[in-house]
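Accompanying notes for the structure given below.
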Amino acid sequence: WQVTKMSNITLENLGIKLIKDVDYDEYMENENPSWRSEYVEQGDFPSFNGLNLRYYHASQGEGKEPKGCIVMLHGYCGFWGKFHEVAHFFWQAGFDVFFLEQRGHGYSGRQIDDKDMVHVIDYADYIADLKSFMDKIVMPSAAKLPKIIYAHSMGGAIAALFLEEHPEYFDAAVLSSPMFSIKTGSTPSIAVKLLCAKIRLLHQENLPFPGGKRFDGIPSFETSSARSEKRYNYIFNQRLKDEHYHTYMMSNGWGAASFKATAKLLRRASKVKTPVLLLTAGNDSLVNMRGHEKFAKRASNVQHINYEDSKHEIYNDVDEVREKYFNDIFNFIMNYAVN
């Protein structure tokens, strides 16, 4: 395939209708569910170790040639419903979209019974899951298309590790508030390291990580990672209605694995040769910007943009920030779209 080199494109020219806050409720009641009903299929597949994983695939439909393929990875406690709007935008621009609900999230298999808690022993499992997804689901459908990964937060850490280990799968990457360095508040890093060592030594991986909070069904927009209250409510209401979306806290295993993974991905960032659009939220309470700066310096081909006032979920920000955010994304990814 041959790509189109583009610059200064507009969302309108791509056929993307940016949804303002005032129009969001109507959009989520009518247009978005109609699109999902007509074009999005869900499926399940066994991953490398037999754990069943849920995915969603939005195809362009009969007679339409996709411009490329977008693979989407959510963050910690994420699920398909958090990205209905974002996935629709990628599809409107002419891309086939593949969304993976990662192990321990949504309707994918879990390694512990507690539906409140996200659990993994090592990020190697996430990497192997993504490889299985690519080999079994994405590649048979999109092998001849340019492939771009869009990954948020925890998904960004997984994507970076994947690019380091398997550079042959993706032509470009959009990493949105990727979890390259975790903020620990007033807890010194040495205390975190000692805690992680204790977890491993005493085999306490299945227990809740200190400071976690169970899902109580009470919304908390003010302290959330979003600045669009309507988008926050849409996502939270899905949690209320479906226990598969109750994930709200981390296991000791996930916590220890995450600190190990962020150190590893920064240490090996020079292995990333894939073009990367790195998007930072300047008012992020979860992710430390220093990790983004280190990655940008060490990887080969990184375009780094900082949205100074944004919280962690830039895709759920106020209208003007989201407009810039999506313009930046599409001005980047359309460089990898088929003619």
Under a 3.5 Å distance rule, please check whether [X] uses its side chain to pair with a backbone N or O of [Y] as donor and acceptor.
X: Lys183; Y: Asp284; result: yes
X: Ser251; Y: Trp254; result: yes
X: Glu308; Y: Gly282; result: no
X: Thr247; Y: Met117; result: no
X: Lys147; Y: Leu145; result: yes
X: Arg322; Y: Ile19; result: yes
X: Glu101; Y: Tyr107; result: yes
X: Glu243; Y: Lys115; result: no
X: Thr262; Y: Phe259; result: yes
X: Ser37; Y: Ser34; result: no

Of all the heavy-atom pairs spanning [X] and [Y], show the shortest one and how long it is.
X: Leu240; Y: Phe215; answer: CD2-CZ, 4.0 Å
X: Leu73; Y: Gly155; answer: CD1-O, 3.7 Å
X: Phe98; Y: Ala142; answer: CE1-CB, 4.4 Å
X: Trp35; Y: His84; answer: CZ3-O, 3.8 Å
X: Ala269; Y: Arg298; answer: CB-CB, 3.7 Å
X: Thr274; Y: Pro167; answer: OG1-O, 4.2 Å

To the nearest 0.5 Å, how far apart are [atom1] in [X] and [atom2] in [Y]?
X: Asn206; Y: Asn252; atom1: CG; atom2: CG; answer: 9.0 Å
X: Phe90; Y: Phe83; atom1: CZ; atom2: CZ; answer: 9.5 Å
X: Asn327; Y: Leu18; atom1: CG; atom2: CG; answer: 8.0 Å
X: Phe133; Y: Phe99; atom1: CZ; atom2: CZ; answer: 9.5 Å
X: His304; Y: Leu278; atom1: NE2; atom2: CG; answer: 4.0 Å
X: Lys198; Y: Leu194; atom1: NZ; atom2: CG; answer: 11.0 Å

Side-chain touch [X]/[Y], heavy atoms, less than 4.5 angstrom:
X: Glu168; Y: His166; result: yes
X: Leu277; Y: Val302; result: no
X: Phe209; Y: Ile199; result: yes
X: Gln303; Y: Ile305; result: yes
X: Tyr126; Y: Met154; result: yes
X: Leu266; Y: Phe295; result: yes
X: Met250; Y: His119; result: no
X: Gln102; Y: Ser108; result: no

Ionic contact status for [Y] with [X], cut-off 4.0 Å:
X: Arg231; Y: Asp317; value: no
X: Arg239; Y: Asp242; value: no
X: Glu313; Y: Lys82; value: yes
X: Glu31; Y: Lys17; value: yes
X: Arg103; Y: Asp129; value: yes
X: Lys131; Y: Glu165; value: no
X: Lys20; Y: Asp23; value: no

Are more than 12 heavy atoms from other residues, nucleotides or ligands located less than 6.0 Å from atom [atom1] of [X]?
X: Lys136; atom1: NZ; value: yes
X: Arg290; atom1: CZ; value: no
X: Lys273; atom1: NZ; value: yes
X: Asp216; atom1: CG; value: yes

Do Tyr24 and Ser228 pair up side chain to side chain, a donor and an acceptor below 3.5 Å, judged on atom types alone?
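Their side chains do not contain a donor-acceptor pair, so the 3.5 Å distance test is not met.
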Test ring pair (Phe, Tyr, Trp, His ring centres under 6.0 Å) on Phe326 and Phe89; report intermediate values, then the result.
CA-CA 9 Å; Phe326 286 113; Phe89 289 168; 4.9 Å; yes
Residue pair Met249, Val118: steps toward the side-chain contact (heavy atoms from CB on, under 4.5 Å) verdict:
CA-CA 6 Å; Met249 61 189 298; Val118 175; over 6 Å; no
Only pairs at least two apart or in different chains count here, so list each side chain to side chain donor-acceptor pair (under 3.5 Å) that has a residue in residues 86-96.
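Sorted pair list: Tyr27-His88.
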Asp122/Lys260 under salt bridge (charged side-chain N to carboxylate O under 4.0 Å, His left out): CA gap, chis, key distance, verdict:
CA-CA 8 Å; Asp122 195 285; Lys260 176 183 173 184; 2.8 Å; yes
Given the rule in the side-chain hydrogen bond (donor to acceptor under 3.5 Å, both in side chains) test, do Asn316 and Tyr234 qualify, once you have shown the distances and angles that lead to the verdict?
CA-CA 11 Å; Asn316 284 331; Tyr234 175 76; over 6 Å; no
Kindly assign one of parallel, tilted or perpendicular to the pair Tyr232 and Phe236, based on the angle between their ring planes and the thresholds 30° and 60°.
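Correct class here is parallel.
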Decide if the gap between the ring center of His105 and the ring center of His74 is smaller than 6.0 angstrom.
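They qualify: ring centres under 6.0 Å apart.
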Residues Ser258, Tyr123; criterion side-chain contact (heavy atoms from CB on, under 4.5 Å); working and verdict
CA-CA 7 Å; Ser258 295; Tyr123 271 50; 2.7 Å; yes
Given Tyr39, Phe79, Trp80, the one that forms ring-ring contact (aromatic ring centres under 6.0 Å, His included) with Tyr56:
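Answer after filtering Tyr39, Phe79, Trp80: Trp80.
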Applying side chain to side chain donor-acceptor pair (under 3.5 Å), can you list everything that pairs with His292, at least two apart in sequence or on another chain?
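Once residues adjacent in sequence are excluded, the partners of His292 under the side chain to side chain donor-acceptor pair (under 3.5 Å) criterion are Thr280.
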Please assess Leu161 against Arg268 for the test side-chain contact (heavy atoms from CB on, under 4.5 Å), listing each intermediate value before the final yes or no.
CA-CA 8 Å; Leu161 288 164; Arg268 305 193 313 169; 4.2 Å; yes
Side-chain donor-acceptor contacts of residues 174-182 below 3.5 Å, not counting sequence neighbours, with atom names and distances?
unit_1	atom_1	unit_2	atom_2	d
Ser176	OG	Tyr325	OH	2.8
Ser177	OG	His312	O	2.7

Same cluster or not: are Met289 and Tyr307 linked, directly or through other Ile, Leu, Val, Met, Phe, Trp or Tyr residues, by side-chain heavy atoms under 4.5 angstrom apart?
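Each belongs to a different hydrophobic cluster.
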